[in-house]
Student: 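The following block contains the structure, expressed as C-alpha cells.
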Amino acid sequence: MVAPDSGNYIDNVEPATGQVYSLVPESNDVDLDSAVKSAEAAKEHWANTSLEKRAEILCRLADLIDANADELAKAEAIDNGKAVSFAKDVDIYRSAANIRFFAHAGTQFSSESHAMGDLAINYTLRDPIGIVGCISPWNFPLYLFTWKIAPALACGNVVIAKPSEVTPMTAYLFSKLCIEAGLPAGVLNILHGTGPSIGGPITTHPNIKAISFTGGSATGAHITKATAGMFKKLSLELGGKNPTLVFADCDFDETVTEVVRAAFSNQGQICLCGSRIYIERAIYEKFRNAFVDKVKTLRIGDPLDESTQHGATVSQSHMEKVLSYIELAQQEGGTVLTGGKRHQVTGRCKDGFFVEPTVIEGLDNQCRTNQEEIFGPVCTLMPFDNDDAAVKLANGTQYGLAASVWTNDLKRAHRVAKQIEAGIVWINCWLLRDLRTPFGGVKSSGVGREGGLEAMRFFTEPKNVCIKY
Ligand code: NAD
C-alpha cells in the first residue's frame with residue numbers, strides 16, 4: 001500500500017446515506033511510473049512461473065474471496081448502493097468464479113498448428129503481452145475488475161488495474177487478499193483515482209501494451225482517440241440500450257417475472273439490462289398490466305437489509321441524470337405507469353439516492369429516451385405487430401450489446417436471434433452466463449470480446465513459427 005504522490009484524496013460517498021465514509025487516493029503519472037517499474041521488475045518471473053503455480057495462486061485467491069464473501073458483499077452494498085443479497089449472490093459469487101474459471105483456463109489453453117501437406121508445419125506461440133492495463137466501471141465493481149484481471153494474470157501478464165473511483169472499496173479489500181494468496185509483488189498493481197488523473201495516463205503509457213476497458217461509449221471513444229497511432233491492443237466493452245422482445249406465444253407468467261428482472265436488476269445499472277421492451281400487440285395490454293403490477297412489488301430499501309430488492313443508485317449525479325431522463329420522457333409524450341420519482345427511505349437512508357422503478361409507455365422509438373443509455377431503473381414499453389417490425393425496432397439504436405427474445409416458436413427464435421444486431425442474444429432467459437462464451441457488443445457497444453478463449457487470445461500475443469520439412 002503506497003500513499004498517492006499528490007497527497008490528494010477524493011471523497012467516497014455511501015449512496016444509500018449520501019454521506020462521505022472513506023477517502024480515495026487520487027493517483028497521478030508519478031504513481032503510474034512507480035507501478036510500471038514494479039510491474040517491469042515482476043514481468044519476467046511471472047511469465048516464467050509455471051501454469052500450475054499460477055493456477056494454484058489464483059485458486060487460492062478465489063477461495064479467499066469465498067471465505068470473505070460476507071464482508072465483501074457488505075462492502076460492495078455500502079460502496080455501490082446495491083442490495084447486499086444481490087451483491088453476495090451475483091457480484092461476489094461471480095468474482096470468485098471469474099478467478100477460478102481463468103485459473104483453470106490457463107492450464108487448458110492451447111495454441112494452433114497448421115500443417116501444409118508434406119511441405120511444412122506451422123505452430124503458433126501464444127506469449128504473454130507483458131504489462132497490460134485493466135480499467136473497470138462502478139456497476140459491478142469487483143465482478144468486472146476480476147473479469148479482466150483474472151485472464152490477464154492467467155496468461156502470464158503483469159497488470160496495472162484501475163477500479164472506478166466511484167466504487168473503489170472492494171478493489172482495496174481484494175488487494176489485501178492478493179497478498180494473502182501469495183501473488184508476487186509487482187504482478188498486480190492497483191491504482192486508484194479518476195479517469196483524467198490516472199485512467200487516461202494508463203491508456204497512453206508507452207510500456208502498457210494492451211488496454212482492457214469497460215465503461216461508457218463516450219469514454220471508449222475518447223480512449224480510441226487518445227491511443228491512436230500507439231498500436232495498442234484494445235478491448236472496449238461499452239454501453240447498451242438493450243431490447244427485450246416479447247411475443248404473444250411466450251410463457252406469460254415466467255416472461256413477466258424475467259422481463260422485470262432484466263429491466264430492474266441492480267437498479268437497472270447493468271449494461272445488459274433490457275430497457276426497451278417491445279410487446280406483440282395481441283398481448284400488449286395484458287402484459288403491460290401484469291408487468292406494472294410486478295414492478296410495484298419490488299422492495300425498495302436500505303441495501304444492508306437482506307430483504308431489499310431495489311437499493312440506491314450509485315451517486316447523486318447519477319440519480320439526477322436518471323430523474324432528468326424521466327422528466328424528458330414525459331416531455332417527449334411518455335406516460336409514467338409506475339414510479340417516476342426519487343424514493344424516500346426513512347431512518348439512516350433518509351438522504352440516500354433512491355429512484356423508484358419506473359415504467360413508461362407511449363413513446364416513439366426515435367425519441368431520446370429510447371435512443372440514449374439511461375443506465376438506471378427506467379424502462380419503456382412499446383407494441384409491435386410482426387417479427388420484422390420487432391427486429392427493426394430492436395436494431396433501431398446506435399447500440400448493439402445484448403437482447404432477449406421471449407417466444408415458444410423455435411423457428412422464430414433462431415431467425416430473430418440471427419437478425420438482431422447484438423453481441424449476445426438470450427432466448428427465454430436473461431443474464432444466463434457461461435464464462436466460456438464470447439462476451440461483448442457491436443456498433444457503439446464496443447470492440448472485441450471477453451470471456452473464455454476470446455479473453456485468453458486478447459491477453460496473449462500470437463507468433464507463428466513455420467518449419468519447412
Ligand atoms: P465511465 O466510462 O465513466 O468510467 C469507466 C472507467 O473508466 C472508470 O474507472 C473511470 O474512472 C475510467 N475513465 C474515465 N475516463 C477515462 C479516460 N479518459 N481514460 C481512461 N479511463 C477513464 O463509465 P461508468 O460510468 O463507470 O460505467 C457505466 C458505463 O459502463 C455504462 O455506459 C455501462 O453500459 C458501461 N458498462 C459496460 C459493460 C460491458 O460489458 N459492455 C459492463 C458494465 C458497464
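All figures in this text were calculated on a predicted structure; none of them were measured in a lab. Just follow the structure's listing: the first ligand is 1, and inside any ligand the first atom is 1.
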Student: List the atom pairs, donor and acceptor, that lie under 3.5 Å between side-chain atoms in residues 153-163 and the rest of the protein, sequence neighbours left out.
Tutor:
unit_1	atom_1	unit_2	atom_2	d
N157	OD1	I129	N	2.6
N157	OD1	G130	N	3.1
N157	ND2	A152	O	3.0
N157	ND2	F459	O	2.8
K162	NZ	E165	OE1	3.3
K162	NZ	G193	O	2.7

Student: Give the minimum heavy-atom separation between N365 and Q371, together with the two atoms involved.
Tutor: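 So the minimum-distance heavy-atom pair works out to O-NE2, 2.8 Å.
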Student: Write none if no such pair exists; otherwise list each N/O atom of ligand 1 with its protein N/O partner under 3.5 Å and the distance.
Tutor:
unit_1	atom_1	unit_2	atom_2	d
ligand 1	2 (O)	G216	N	2.9
ligand 1	2 (O)	T219	OG1	2.6
ligand 1	9 (O)	S136	O	2.8
ligand 1	9 (O)	K162	NZ	3.1
ligand 1	11 (O)	K162	NZ	2.8
ligand 1	11 (O)	E165	OE1	2.7
ligand 1	11 (O)	G195	N	3.4
ligand 1	19 (N)	G200	N	3.4
ligand 1	23 (O)	G216	N	3.3
ligand 1	25 (O)	W138	NE1	2.9
ligand 1	26 (O)	W138	NE1	3.4
ligand 1	30 (O)	G215	O	3.3
ligand 1	32 (O)	E373	OE1	2.6
ligand 1	34 (O)	E373	OE2	2.5
ligand 1	41 (N)	L238	N	3.3
ligand 1	41 (N)	L238	O	2.7

Student: Quick check with a 6.0 Å cut-off and a 45 degree axis cone: is K88 positioned over the face of Y93's six-membered ring?
Tutor: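 So K88 doesn't make the cation-pi contact.
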Student: When you measure from the side chain of N28 to the backbone N and O of I198, does any donor-acceptor pair fall under 3.5 Å?
Tutor: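 Here the side-chain-to-backbone pair does not exist.
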Student: Under the 3.5 angstrom rule, does the side chain of S445 hit a backbone N or O of G400 as a donor-acceptor pair?
Tutor: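 At least one qualifying donor-acceptor pair exists.
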Student: Checking S315 side chain against H318 main chain: does a donor-acceptor pair fall under 3.5 Å?
Tutor: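 Indeed, once roles are kept as given, a pair shorter than 3.5 Å links the two residues.
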